[in-house]
Every structure is written in C-alpha cells, then in structure tokens.
Asker: 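Could you have a look at this structure, given as structure tokens, before my questions?
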Amino acid sequence: MTEELAPQYDPSAIEAALYQKWRGEGRFHVDADAPGEPYVIQMPPPNVTAVLHAGHGLNNTIQDVLIRFHRMRGRKALWVPGTDHAGIATQNVVEKRLAQAGKSRFDLGREAFVEEVWTFVGETGGQILRQLEALGSACDWDRTYFTLDPGLSRAVREVFVTMHEQGLIYRGKYIINWCPRCLTALSNEEAEKEETAGHIWHLRYPLADGSGSIVVATTRPETMLGDVAVAVHPDDPRYRAMIGAELALPLTDRRIPIIADTAVEQDFGSGAVKVTPAHDPTDFEIGRRHGLAQLDIMTDDAHLNETVPERFRGLDRFVARKQVVAEFEALGLLDRVEPHRHAVGHCYRCGTIIEPRLSDQWFVRMQPLADPALAAYRQGALRFIPERQGEIYANWLGNIRDWCISRQLWWGHRIPVWYCDADGCGQTIVAREDPDACPGCGGALRQDEDVLDTWFSSWLVPFSSLGWPEQTPDLKAFYPGSALVTAPEILFFWVARMVMAGLHFQGKVPFETIYLHGTVRDTQHRKMSKSLGNGIDPLEVIERYGADALRYTLVSGMAVGTDVILDPADIDSSFAPGRNFANKLWNIGRFLLSHLDADVPRLADVDPEAFTAFDRWILGRVDFAIRHATTEYERYRLNDAASAAYHFLWSDFADWYLEAAKPRLYGTTPDGRVARAVAAHVFDAALRLLHPVMPFITETLWLRLPHADPRSALIASPWPTPVDVADGTASRDVAAVQAIVGAIRGLRAEYGVAPGREVSATIVEASPAAQQAITKMGETIRRLAKLEQITMQDTIPDEAGGTIVLEDGTSVIVPLGDLVDLDRECARLGDEAMKLEGLVRGLEAKLSNAQFTSRAPAAVVDGEREKLETWRHQVASLRQKRQALGCPG
RNA sequence: GGGCGAUUAGCUCAGUUGGUUAGAGCGCGCGCCUCACAUGCGCGAGGUCGGGGGUUCAAAUCCCUCAUCGCCCACCA
C-alpha cells in the first residue's frame with residue numbers, strides 16, 4: 001500500500017487485468033445452491049453478429065450496476081449472458097458477403113448456406129460478448145447461451161408442439177406483412193409504420209353497360225389489377241342504386257361487381273373502395289364476407305405476375321404504379337390526384353416497403369396469452385420503471401393481434417412440422433422428435449420449409465436459458481427473475497412476449513421489474529446510428545478514459561425515463577463528468593493511501609472521545625450518503641445513487657474533511673491516527689457505494705486499504721452500514737466553519753486579495769455555533785481561509801473592511817485597508833439589506849395573515865417565525881455595518 | 001384516429017406526498033501551477049419554473065385551458 005500510484009489515472013494499466021482477476025477468482029459465477037435470496041437479470045441477448053454500440057453500453061452498464069449492487073447487498077446475483085441467432089439479420093449479413101462473391105443463397109442451396117452461416121458465426125460471432133468484458137460486465141459467463149443451442153432449441157420445439165396441441169398455434173392463409181427484399185413474412189411488430197408523404201389517386205371505373213361510372217380512391221393504384229369488386233356503404237345514397245351493378249375494370253378485360261359492405265367509410269375518399277383481397281387486410285375481410293376471389297398479382301419480389309395483362313407482367317410494383325396511373329390518365333379515367341400522408345410499413349431489418357400479401361403462414365393465437373399478461377400487470381405483479389410505460393404495455397395487450405411466426409428463411413429454428421405427400425394420406429405431423437416416416441402410411445415425409453421468428457426463441461429465454469424443459473436446479477433457483485433492463489423499442493417484440501410465455505409455461509411472470517431506459521442520442525436528439533455517422537464507440541471511450549468514466553457518464557446522465565444526450569463531435573467534453581471524477585477519485589485515493597499504514601486503527605477501536613467535530617461530521621455525512629445511495633439504488637434511480645456517492649467524495653470528503661484534516665494526517669500524533677482511522681473508514685464505505693458504477697477504480701483502491709483481507713475483493717464485499725456516531729453539534733460546528741471560511745474566501749475574491757497574502761478576520765456578534773467553531777477550530781479556519789489571525793470582538797473594528805453577515809447573524813469582517821472601496825462596500829451591504837428587507841416584509845405579511853397562522857401546520861408557522869427573526873437580525877447587522885462605515889442613506 | 005408523456009439556468013436534467021431565499025453537471029466569467037489532483041482549487045454571473053385561468057393560508061408541484069414538442073399504437077382505402 002506504500003507503493004506509488006501514478007498521478008494520472010491510467011485505466012489501461014488496470015482494467016483488463018482486474019477483470020481477468022475477478023473472473024479467475026470466480027466472482028461472476030453463482031451456483032444454484034449458493035446462499036442468499038436470488039437476484040436475477042437476463043441480459044437482452046445481442047445479435048450474434050452485433051458490434052458493441054452506445055446503446056449496448058448504456059443497457060449493460062445499468063444491468064451491471066444492479067447486479068453488483070445486489071450482490072453486495074447479500075443477494076445471490078445472477079446475470080445471464082447470451083446471444084441471439086437473429087434470423088433475418090444474420091442471414092442478410094451472410095447473403096451480403098455471398099453477393100460480393102457474386103453468389104446467392106440459392107446457388108449454395110439450403111444445407112450449404114446454413115453451414116456457411118454457422119461458419120461465419122463461429123468465426124466472427126459473439127465478439128460483442130468479449131466487448132462487454134471491457135465494460136466490466138459481471139455476468140456469469142459459465143452460463144452463456146446461444147439461441148440455437150441444442151437446449152434452447154429443445155425448448156422452442158417443446159413450446160411449439162405444446163401450443164399446437166393446445167390450439168394456440170395454427171396455420172392459415174391471411175394477409176401478412178411481406179418483405180420483398182428479404183423474401184419472408186414478418187410480424188406486425190417487424191413492419192415499422194412510418195408516416196410518409198404519398199398520394200391518393202381517384203380512379204374512375206365505368207359501368208359495364210356504359211350507363212355511368214364510379215370513382216374509387218386508392219394509395220396504391222397498381223393493385224387495381226387485382227381488384228375483384230368495388231365496395232360502397234349500403235346506406236350511402238350516392239351509390240345505393242348502383243349496388244349489384246357490374247363494372248368494366250379498366251386496363252383489363254375483367255368485369256367486377258359493386259358490392260355493399262359496412263366496412264366502407266362514406267366520408268373518406270370517394271366513399272367507394274376498390275377491393276383487392278390478396279393485397280390488403282381490409283379488402284381480404286370484405287372479400288371473405290362476400291365470397292370473392294383472391295387474385296394475387298405479385299411475385300415474391302413484388303413484381304407483377306402472369307395474372308395481369310401482358311404489358312404489365314414483370315414490372316416492379318412502383319414502375320407498374322406509374323404506368324397504371326399513366327394509362328388511366330390517357331383514358332381520361334384519372335379523376336384527380338391528391339397529396340396524402342399515410343403510414344407505410346417498412347421492414348425493420350432492411351427498410352424495404354412492406355407488401356401486404358396473401359400467404360400461408362403459422363400464427364400464434366394471442367388473445368389467450370395476452371389476457372393473463374394484462375391481468376398480471378393490473379394485479380401489480382409487474383412494475384414498470386418509468387411507471388407510465390405500463391399503460392403502453394396494457395394498451396398493446398388490449399389490442400393484440402395474432403403473431404405470424406413463420407419466416408421464409410433458412411437460418412433459424414426449422415418448424416417442427418412434417419407433411420406426408422403420399423396419395424390418399426396427406427397427414428401432417430407436429431412432433432417433438434423428428435419422425436422417420438409417416439405414422440399413417442409409412443411413406444416419406446417432407447418437413448415444413450420455414451423457420452420460426454427469432455423472437456419465438458428469445459421469448460423463452462427466462463426459462464430456456466436455465467435448462468427448461470428439464471426441471472433443473474437452476475430453473476428452480478433462478479426462475480422467476482428479478483429485473484429486465486432494456487430499451488422501450490423491444491417492449492412488444494420481447495418483453496411482453498416473455499411475460500406471456502412465462503405465465504403460460506411457468507405460471508409466473510418472468511421478472512417483477514421492467515426497467516425501460518432511454519436512448520443514447522446526439523445533441524440534435526437523433527438516435528445514434530451507423531448510417532448517420534453520429535455514433536460514439538464505447539470501446540474508443542474506454543480506451544481513452546476507461547470503462548469507469550464511460551459508465552459514470554452514462555449513469556449520471558440518465559434520469560429515469562430520459563434519453564442520454566452525448567456529443568459525438570466532442571467526446572472529450574461529453575465524457576468529462578466521468579473522466580474528471582475518475583481522476584478525482586484516483587487522486588483522493590492516492591493522497592489518502594500515502595498517509596495510511598498497516599497500523600491504522602479500526603474505527604470501532606477508536607475512543608469516541610477522541611473524535612474531533614470534523615470526524616463526527618464526516619461520519620454523519622457518510623451515514624447520510626449510505627442511506628441516500630442505498631435508497632436510490634433500490635428505487636432504480638441510479639443517477640441519484642451515483643450522485644450521492646459523488647458529492648460525498650468530492651464535496652464533503654475531499655474538499656472539506658481532507659483539507660481540514662491535512663495537518664493531522666501529515667503528523668504522527670495520536671490525533672493523526674484517529675483522523676486516519678476515520679478517513680480510512682469513510683473512504684472504504686464510499687468506495688463500496690460507488691463500486692456498482694465504477695467497479696475498476698474502486699476495487700483497485702479498496703484492495704490497497706489497510707484491513708482488506710488479501711483474499712477478499714470489493715466486488716464480493718458487503719454493502720456499508722451507517723455507524724451513527726454523529727451528533728447535531730458536530731454538524732452545526734462544521735457548518736459554522738464552512739460559512740465563515742466561505743465568507744472570507746468570498747471577500748478575498750471580491751477585493752482581489754492575492755492568494756498568497758494573509759489577512760486577518762474579525763468576527764463580530766458571533767452566534768453560539770460560530771463561537772464554538774472559532775474556539776475549537778480557529779486553527780482550521782485560519783488555514784482554510786488563509787488568515788493570519790482570527791479574532792472575536794463585540795464591536796466593529798476601526799479599520800475599513802469587507803463585511804458579510806452570515807445567516808445566523810454572525811458578522812465576518814476582513815479589514816483590508818486601502819483595498820476596500822468604500823462606495824462599493826456600502827452598495828454591496830445596501831443591496832443585501834434591501835433584498836432581505838423585501839423578504840422580511842413578505843414574511844411579516846404572511847405571519848400577520850390569520851388564515852395562514854390558523855390553517856398552516858404549527859411546525860410550518862414556527863419555522864417561518866424563526867426565519868423572520870434571523871432575517872431581521874441580518875438586516876439590523878447590515879444596517880449597523882453601513883452606519884459604521886459612514887455609508888450614505 | 002386511440003394511448004402515454006414533456007415544456008425549470010446557454011445545454012442536459014433533478015426538484016419524492018403542495019410549505020426554507022428553486023438545485024446539479026457541463027458551459028460561461030474572474031483569480032490561482034496552494035507540496036493528492038490544472039481531468040485541479042477558490043469565487044461568481046445566470047431562472048417572472050411555456051402562456052392564461054382556477055383551487056389553497058401557501059403552487060415549479062393539484063385542476064382547467066391554450067401553445068409547442070415527443071414517443072407508442074392504428075385495416076379510413
């Protein structure tokens with residue numbers, strides 16, 4: 001511990017080695033049978049191909065803070081890491097690489113392509129987990145999972161088959177969201193609605209008998225080639241007579257009927273809707289009600305197919321749109337075009353505009369799952385932070401729609417369904433184990449080509465990562481978990497679905513607290529992204545300032561429910577709070593450790609009589625910091641917890657206690673040993689408070705403190721508890737010292753007294769606390785305020801000086817001879833007096849108001865009376881000083 | 001269209017059930033290399049709490065209203 005520490009904190013010399021030390025000592029691992037109440041967090045599994053970005057940094061910092069805090073509080077804290085196979089995302093990455101070699105996945109074929117993806121994942125996948133180490137993440141790496149692992153795959157299959165048996169999974173032909181680039185169906189959640197400026201075209205369809213026409217309004221004119229009817233509201237007087245009539249569908253040789261359906265809004269557009277059952281969900285429903293044909297006019301990649309007239313075949317949907325409009329115009333059938341803003345779905349992985357498409361897919365029936373999930377929330381089994389997110393969750397569950405879970409991809413969990421194509425058999429098998437042959441006819445089976453939505457494996461993670469469907473000790477010990485920490489973006493994708501799966505398969509919600517944190521944004525409040533180039537690389541920040549600086553900056557900038565704003569263009573000032581504090585902490589430690597030795601007594605061994613007022617004061621302050629920080633950590637107000645430790649260390653401990661105690665620490669007197677014991681004790685406690693947020697520096701310094709068991713570690717140490725040796729006297733005396741010193745420093749600055757020059761101070765009408773402070777701690781005041789001497793007297797000194805009247809009425813006068821500008825001093829005192837007189841008048845009025853004195857609580861009234869006395873006294877003193885200086889007025 | 005929310009210092013935000021002269025960090029100004037730290041020390045300026053109305057002895061805090069901004073959901077083509 002006498003070993004020299006560098007004056008500048010150098011994280012690179014510490015962090016990586018310390019992380020490996022912790023890991024080597026098994027600090028992150030938790031056994032199912034370990035003692036203590038469990039505290040479990042499931043890490044939102046990053047995509048296996050992901051690279052750490054600022055969002056991950058924030059998300060994982062929060063989780064790590066919680067895990068470390070609860071571990072120190074005596075819980076058996078488990079943080080489960082893993083990666084997600086990320087079906088579409090990963091497949092897209094590998095396809096892109098193949099494309100560079102001029103190949104597509106179809107060139108390779110399914111088996112070889114999947115092999116290729118496994119190779120890619122094996123070589124580059126999971127790097128994000130290694131990057132999380134740099135952040136300091138204390139997760140249990142022994143339990144790292146991958147959503148395609150055999151165990152988790154078994155869970156997926158078990159869930160699919162069980163839900164199918166329960167009638168909760170079905171296959172059906174419906175309008176789904178289709179990505180024509182990824183060539184797969186998507187769930188509603190994966191189709192991101194984006195408000196887009198488009199047009200609404202009014203197209204005129206002539207009646208077949210030539211007796212007139214009807215105008216329909218559409219945002220997607222190209223789909224008219226798939227129209228099978230035009231619908232109007234049955235009560236619409238404009239069209240009632242036309243119901244049942246036949247239209248000659250322009251650009252085609254088809255005839256379509258005019259039908260009546262109440263789904264049509266009379267007020268919108270023209271009040272007549274073209275019906276395209278294969279390309280629009282509403283039209284699909286209308287079509288079903290009226291037994292209309294479903295005319296699919298598009299190919300997988302959204303080009304027009306052979307059902308349309310020849311000249312349109314093979315055209316891209318947007319090219320076709322232009323051409324359809326042009327032909328309508330040429331025919332004089334384009335009634336008009338209006339600008340129109342509407343929500344257009346985009347693929348959440350590639351941004352391509354979604355094509356609503358009629359397709360055979362697998363679905364999960366959601367209502368039976370959503371009802372319990374909603375009830376659990378209403379009954380208080382789930383707690384949202386911030387609370388308002390709960391209503392968003394409830395709103396979604398209340399309007400739930402079935403979940404399309406099949407994907408036309410190759411990378412993922414293959415759907416465990418087999419079909420027998422044998423003549424006269426045609427059996428469908430849904431099975432936990434791969435069947436060899438058709439149980440009906442013994443013939444060959446063909447497995448469903450599709451894979452499952454990635455989220456169909458991640459929604460099981462709270463129990464599948466613990467070994468389910470086996471009833472493992474881990475499952476017993478660690479389900480349900482405690483908190484789920486993530487961004488609001490995946491509330492529906494993941495969080496709500498985990499609640500449903502947890503309730504359905506385990507009978508309990510998977511976690512009690514859902515902490516939804518903000519987003520890391522730039523100074524224009526734009527989300528950080530690769531394409532905008534406004535990202536901040538957490539690894540670069542760690543390299544420059546250390547993980548602790550990054551973590552502190554993120555945590556302190558993160559009030560509950562708010563975004564973290566950072567400036568990518570100015571990393572230096574963005575991370576100044578963390579960097580500065582890390583360095584400050586380092587230097588506090590450096591200074592203190594250089595004055596400690598192995599003989600420092602334990603606080604409990606110090607005779608309480610030996611404590612100075614400053615000792616008792618700082619012990620009271622650390623107790624306050626402990627209580628405050630603990631409460632805030634428990635409430636998930638991490639920024640407030642961090643700030644409690646910050647202010648204790650920087651303001652109370654470094655600025656006042658250490659500065660006051662320096663002579664004691666420098667010396668070798670018994671009193672010095674008391675100061676060392678106190679300083680070591682409170683510093684130890686403060687390091688514990690701060691450890692969850694800044695694990696590396698706190699551990700490094702803590703290990704060098706005396707009394708630390710060499711086999712022990714801060715990461716595994718208990719949370720600090722208050723010592724309760726403080727008393728009111730100490731805090732009053734120290735407050736008086738601080739006020740007097742502050743006043744003198746203020747006067748020195750006011751009159752530009754050179755820092756090196758010592759002056760004197762005269763205290764007039766000292767309050768009892770001030771008298772105590774000067775009598776007992778005059779020496780300390782002298783040193784901190786750079787005074788030659790400090791004296792108390794009853795009368796104002798002759799020599800001209802600067803004066804400050806403290807709140808308790810004590811006057812602090814610094815005679816400064818020629819330095820004092822009398823006019824300025826008079827003005828300053830006068831302004832101060834006027835300001836206070838205003839307050840006094842207001843308070844007098846308040847106190848003379850019988851309504852106030854009779855209705856307000858007595859304590860409030862008494863407090864106001866006391867305040868009035870203080871202010872009056874201050875005013876009197878200020879007036880008196882002005883008089884003594886011979887000020888005018 | 002439905003749901004949720006925001007507006008406090010130049011910037012990012014605190015302000016817990018209504019009750020001291022509304023706080024912090026960053027930024028800014030002045031003075032300092034004081035033997036732990038210039039990533040520092042000391043001092044300071046800066047806010048009619050978005051506008052208006054109301055409830056109350058008392059409102060940044062509760063209610064109404066207007067304005068501006070944001071997020072989520074949504075089959076008015």
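Note that these values count all heavy atoms, side chains included, but never hydrogens, waters or copies made by symmetry. Here is the naming used below: chain letters follow the sequence lines, and residue numbers restart at 1 for every chain.
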Asker: Quick one: is the NZ or CZ of A:Arg824 closer than 6.0 Å to the six-membered ring centre of A:Tyr751, and within 45° of its axis?
Answerer: yes
Asker: Quick one: label A:Gly271 by what it contacts on the DNA or RNA (base, sugar-phosphate, nothing), any heavy atom closer than 4.0 Å.
Answerer: base
Asker: Please report the closest heavy-atom contact between A:Ala629 and A:Ala641, naming both atoms and the distance.
Answerer: O-CB, 3.7 Å
Asker: Minimum heavy-atom separation for A:Ile175 to A:Pro277, with atom names?
Answerer: CD1-O, 3.2 Å
Asker: Base, sugar-phosphate or nothing for A:Ser573? Non-hydrogen atoms, less than 4.0 Å.
Answerer: nothing
Asker: If you measure from the P atom in B:rG70 to the same atom in B:rA24, how many Å do you get, rounded?
Answerer: 31 Å
Asker: Is the shortest side-chain N to carboxylate O distance from A:Glu391 to A:Arg388 below 4.0 Å?
Answerer: no
Asker: Taking both distances under 3.5 Å as the test for a Watson-Crick or G-U pair, what stems of at least three pairs does RNA chain B have?
Answerer: B:1-7 with B:67-73, B:10-13 with B:23-26, B:28-32 with B:40-44, B:50-54 with B:62-66
Asker: Taking atom C1' in both B:rU48 and B:rG52, compute the distance separating them and give it to the nearest angstrom.
Answerer: 14 Å
Asker: For A:Leu806 and A:Ala739, which heavy atoms make the closest approach, and how far apart are they?
Answerer: CD2-O, 3.7 Å
Asker: For B:rA36, does OP1 or OP2 lie under 4.0 Å from any side-chain N or O of A:Tyr666?
Answerer: yes
Asker: So, A:Asp283 and A:Lys274, do they make that salt bridge, N to O below 4.0 Å?
Answerer: no
Asker: Which part of the nucleic acid, if any, lies within reach of A:Val753 when heavy atoms closer than 4.0 Å are counted: base, sugar-phosphate only, or nothing?
Answerer: nothing
Asker: Which pairs, protein N/O on one side and nucleotides 28-30 of chain B N/O on the other, fall under 3.5 Å?
Answerer:
none

Asker: May I ask you to decide whether A:Arg341 forms a salt bridge with A:Glu194, counting only side-chain N to carboxylate O separations under 4.0 Å?
Answerer: no
Asker: Roughly how many Å apart are B:rA67 and B:rG27, using the C1' atom of each and rounding to a whole number?
Answerer: 30 Å
Asker: Quote, to the nearest angstrom, the P distance that separates B:rG46 from B:rG19.
Answerer: 25 Å
Asker: Just jot down the ring pair (Phe, Tyr, Trp, His ring centres under 6.0 Å) partners of A:Trp178, sequence neighbours excluded, or say none.
Answerer: none
Asker: Between B:rU55 and B:rA22, how far apart are the two P atoms, rounded to whole Å?
Answerer: 25 Å
Asker: What does the B/S/- profile of nucleotides 37-48 of chain B look like, 5' to 3', with a 4.0 Å heavy-atom cutoff to protein?
Answerer: B-BSSSS-----
Asker: Sticking with atom P, work out how far B:rA6 lies from B:rC43, rounded to a whole angstrom.
Answerer: 36 Å
Asker: Does A:Glu338 have any side-chain hydrogen bond (donor to acceptor under 3.5 Å, both in side chains) partners at least two apart in sequence or in another chain, and if so, which?
Answerer: A:His202, A:Arg336
Asker: Give me the atom names and distance for the closest heavy-atom approach of A:Ala370 to A:Ile400.
Answerer: CB-CG2, 4.0 Å
Asker: For every nucleotide of nucleotides 67-76 of chain B, 5' to 3': is a protein heavy atom under 4.0 Å from its base (B), only from its sugar-phosphate (S), or from neither (-)?
Answerer: -----SSBBB
Asker: To the nearest Å, give me how far apart CG (A:Leu374) and P (B:rG3) are.
Answerer: 16 Å
Asker: State which residues pass side-chain hydrogen bond (donor to acceptor under 3.5 Å, both in side chains) with A:Arg841; sequence neighbours excluded, sorted by chain then number.
Answerer: none
Asker: Please list, chain by chain and in numerical order, all residues satisfying ring pair (Phe, Tyr, Trp, His ring centres under 6.0 Å) with A:Trp871, sequence neighbours excluded.
Answerer: none
Asker: For A:Tyr393, check ring pair (Phe, Tyr, Trp, His ring centres under 6.0 Å) against everything at least two apart and list the hits.
Answerer: A:Tyr377, A:Phe384
Asker: Taking the same atom, P, in B:rG3 and in B:rU65, what whole-Å distance lies between them?
Answerer: 14 Å
Asker: Show me, pair by pair, the donor-acceptor contacts under 3.5 angstrom made by side chains of residues 860-868 of chain A, not counting sequence neighbours?
Answerer:
{"unit_1": "A:Glu864", "atom_1": "OE1", "unit_2": "A:Lys867", "atom_2": "NZ", "d": "2.7"}
{"unit_1": "A:Glu864", "atom_1": "OE2", "unit_2": "A:Lys846", "atom_2": "NZ", "d": "2.9"}

Asker: Mind checking whether A:Tyr552 and A:Phe581 have parallel, tilted or perpendicular rings, split at 30° and 60°?
Answerer: tilted
Asker: Kindly write out the residues that satisfy ring pair (Phe, Tyr, Trp, His ring centres under 6.0 Å) with A:His595, not counting sequence neighbours, or none if the list is empty.
Answerer: A:Phe591, A:Tyr666
Asker: To the nearest Å, give me how far apart CG (A:Leu784) and P (B:rC32) are.
Answerer: 21 Å
Asker: Would you mind building the protein contact string for nucleotides 11-24 of chain B? One character per nucleotide, 5' to 3', B for base within reach (heavy atoms under 4.0 Å), S for sugar-phosphate only, - for untouched.
Answerer: -SSSSB--BSB--S
Asker: Mind listing the closest non-hydrogen atom pair of A:Ile176 and A:Cys404 along with its distance?
Answerer: CG2-SG, 4.0 Å
Asker: Please measure how far the C1' atom in B:rG29 lies from the corresponding atom in B:rU21, and state the result in whole Å.
Answerer: 24 Å
